[in-house]
Amino acid sequence: MTRRVAIVGAGMTLFRRRLLETGKELCFEASRAALDSANLDASDIEAVVLGSAPDAFDGLHMKGEYLLDGAGASNKPYTRVYVGGGTGVFTPIAAWWHVASGLFDVCLAVCEEKMSPLYPHPQKAFWSIFDHTLERPLGVNLVWIFALEMRRYMHKYSISEEDIAQVAVKNKRNALDHPCAQLADRITVDDVMKSEPIVWPVKKLDISPPSDGAAAVILASEEVARKITKDPVWIDGVGWNLDSTYWTNRELAYPQYLENAARMAYRMAKVENPRKEIDVAEVYDPFDYKELHHLEGLQLAERGKAAKLTSSGATERNGEFPVNPSGGLLGVGNPIAAAGMMKICELFWQLRGEAGKRQVKRDARTGLAQAWGDLMQFSSVVVLRSR
Amino acid sequence: MVYSGIGISPQDVANSRYLTVPYSANLRYRWSTGAAVGRFLAELKNGKIVGRKCDKCKRVLVPPRMFCERDFIQTSKWVYVQDAGIVDTYSISYIAADASRLEKPLIVAVIRLDGTGEAGILHILGGIEPKDVMIGMRVKAVWKPKRRRVGAITDIRYFAPAGDAK
């Protein structure tokens, strides 16, 4: 039997293309902000889980160990987890099992990314995630595989580039109200269509920017959580799943591994009809098409129908089913692991009614956060409830 | 709770407004190709594409592997497959691996090879303009001349529209 676990505090830093602060400093600031929000001190933290993406960005091997001091983890049980872009939502899952298992009562989960050290563009580091024998000699870059997936998705369900661009418009606009946002803007579908092609169908405004930043939450067991705050946000369901690395051997139009991860989380949270029971979702959106693709994998939209849901206005912040009210990765920025954790922070604030100008209009009691990564093969899903 | 960091612009770096520490790594690697892909590369040198058959799910696996990751058993035999297939999906890359702009865009595709079921490989399309590419079109490998093949995926120069295209 697992114990019930809640989030009791959250904090994050500014997201920017390059920040003066080092990774350690960013970890410290996000962790300190999370501690302060829960009126806790580092001595209250029994264990720490840290998430950060490829070491190649920093040019630092053993990045987990390097960041340890900034995470307040020296002389404590400490683990770094890494599942590519999915890290940000997997880190609180790993922290969840630290507490749910009964091993610890209070655990800090912090995610950090500094993509700026590698210049002129961090893109080059992604080269090392590809198969050295069969893929790298072709000159592969990371955007290739997403453009291939986007094109396949468009083909299978007859979705246009304009349909997809609506997501970038919505999320960048939502980000105008986020104090940490890097690329908040008022843009139009036409702006997206006319932006520079990177790897068609992916254009410049379809894609989230590289960023520096950090975000953190504090998890506590039920009994302790109720002492820390009157408004704990419960982690009622967690799920994760990986498909094969042989990504050219499967249908890219539908993320089956995400459906598997979502069903795992829904089963745990006793969610029977996700579309009716999830009030607000922070869905992974490093590219605009991914929000649609993920809504479908999450069973929050029918296959091929997420674009229609977006056109209807339902997923706007004031809509009946707000998706990425934070502004998402497209608007707030994409410091990889920290971006996923930003989504967890957003739901913590939304479900407590503390999201300020970003607060969704509808009464939100149940939220879902999701992230995605590796070679288009991994997803992590968390279901949160305010009671 | 939010911490306001200090953003640094490219101009700040250029003007040394904040100090930075430059470094470049130069690491050299020599990778083993493995039992399955090693043979695959050797066959490419002969102008042939080879896969491995799984007796349980009946798939012919390309790229080949000595085990089927779904059934988790050893694959049973080598099977030659056609060097032709259909375009499953494609994209047009305007950037190189380091995000610099390419002079001439590259057409990238997943090609589902004939006789394999669902096995696709990542490669490049040639002999066709980007605007003429369609999902579902038939393509065939264009090989480097035999003497220039080295046992690499690039022994296939690219896939081009097949002569038998409708």
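Chain A is the first sequence line, chain B the second, and so forth, proteins listed ahead of strands; every chain is numbered from 1. Here the structure is a predicted model, which is why all the values come from computation and not from measurement.
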- Task: Considering only heavy atoms, give the residues of residues 7-19 of chain B separated from chain A by less than 4.5 Å, sorted numerically, with 'none' for an empty result.
- Result: B:Gly7, B:Ile8, B:Val13, B:Tyr18
Which residue out of [options] racks up the most heavy-atom pairs below 4.5 Å with chain B?
{"options": "A:Lys156, A:His121, A:Arg16", "value": "A:His121"}
{"options": "A:Glu251, A:Arg151, A:Gln123, A:Met154", "value": "A:Arg151"}
{"options": "A:Gly59, A:Pro197, A:Pro120", "value": "A:Pro197"}
{"options": "A:Lys124, A:Met150, A:Glu29", "value": "A:Glu29"}
{"options": "A:Phe15, A:Trp349, A:Trp144", "value": "A:Trp144"}

Output yes when a side-chain donor or acceptor of [X] lies under 3.5 Å from a complementary backbone atom of [Y], and no otherwise.
{"X": "A:Asn141", "Y": "B:Ile95", "result": "yes"}
{"X": "A:Asn249", "Y": "B:Ala119", "result": "no"}
{"X": "A:Glu21", "Y": "B:Ile6", "result": "yes"}

- Message: Between B:Thr89, B:Val21, B:Thr116, who has the most heavy-atom pairs with chain A when the cutoff is under 4.5 Å?
- Response: B:Thr89
- Given the options B:Ile153, B:Leu102, B:Leu61, which has more heavy-atom pairs under 4.5 Å with chain A than any of the others? B:Ile153
- Evaluate the side-chain proximity of B:Ile135 to A:Arg152: yes if any heavy-atom separation is below 4.5 Å, no if none is. yes
- Query: Is there a side-chain contact between B:Glu69 and A:Tyr246 (heavy atoms, below 4.5 Å)?
  - Reply: yes
Heavy-atom cut-off 4.5 Å, strictly under: side chain, backbone, both or neither for [X] against chain A?
{"X": "B:Val37", "result": "side chain"}
{"X": "B:Phe40", "result": "side chain"}
{"X": "B:Ala99", "result": "both"}
{"X": "B:Ala152", "result": "neither"}

- Query: What part of A:Leu252 lies closer than 4.5 angstrom to a heavy atom of chain B: side chain, backbone, both or neither?
  - Reply: side chain
- Message: Using a strict threshold of under 4.0 Å (side-chain N to carboxylate O), is an ion pair present between B:Arg101 and A:Glu196?
- Response: yes
- B:Ile92 and A:Val199: side chain to side chain contact (heavy atoms under 4.5 Å, CB included), yes or no, with the steps? CA-CA 5 Å; B:Ile92 302 157; A:Val199 183; 5.9 Å; no
- Shortest non-hydrogen contact from B:Val2 to A:Pro179? CG2-CG, 4.3 Å
- Task: Could you pull out the closest heavy-atom pair between B:Pro63 and A:Thr248, with the gap in Å?
- Result: CD-OG1, 4.4 Å
- Dump the intermediate steps for side chain to side chain donor-acceptor pair (under 3.5 Å) on A:Trp200 and B:Ser91, then the final yes or no. CA-CA 5 Å; A:Trp200 184 86; B:Ser91 66; over 6 Å; no
- Tell me, please, which residues at least two apart from A:Ser211 pass side-chain hydrogen bond (donor to acceptor under 3.5 Å, both in side chains). A:Gln182
- Might you confirm whether atom CD of B:Gln74 has over 12 heavy atoms from other residues, nucleotides or ligands at distances under 6.0 Å? no
- Message: For A:Arg32, I'd like to know if atom CZ has over 12 heavy atoms of other residues, nucleotides or ligands within 6.0 Å.
- Response: yes
- All side-chain contact (heavy atoms from CB on, under 4.5 Å) counterparts of B:Ile124, not counting sequence neighbours: A:Leu138, B:Leu106, B:Tyr158
- Task: Hey, could you give me the CE/OH distance between A:Met12 and B:Tyr3, rounded to the nearest 0.5 Å?
- Result: 13.5 Å
- Task: Starting at CD1 of A:Ile145, measure out to CG of B:Leu122 and round the result to the nearest 0.5 Å.
- Result: 9.0 Å
- Contact list for residues 126-139 of chain A, test side-chain hydrogen bond (donor to acceptor under 3.5 Å, both in side chains), sequence neighbours left out: A:Glu135-A:Trp247
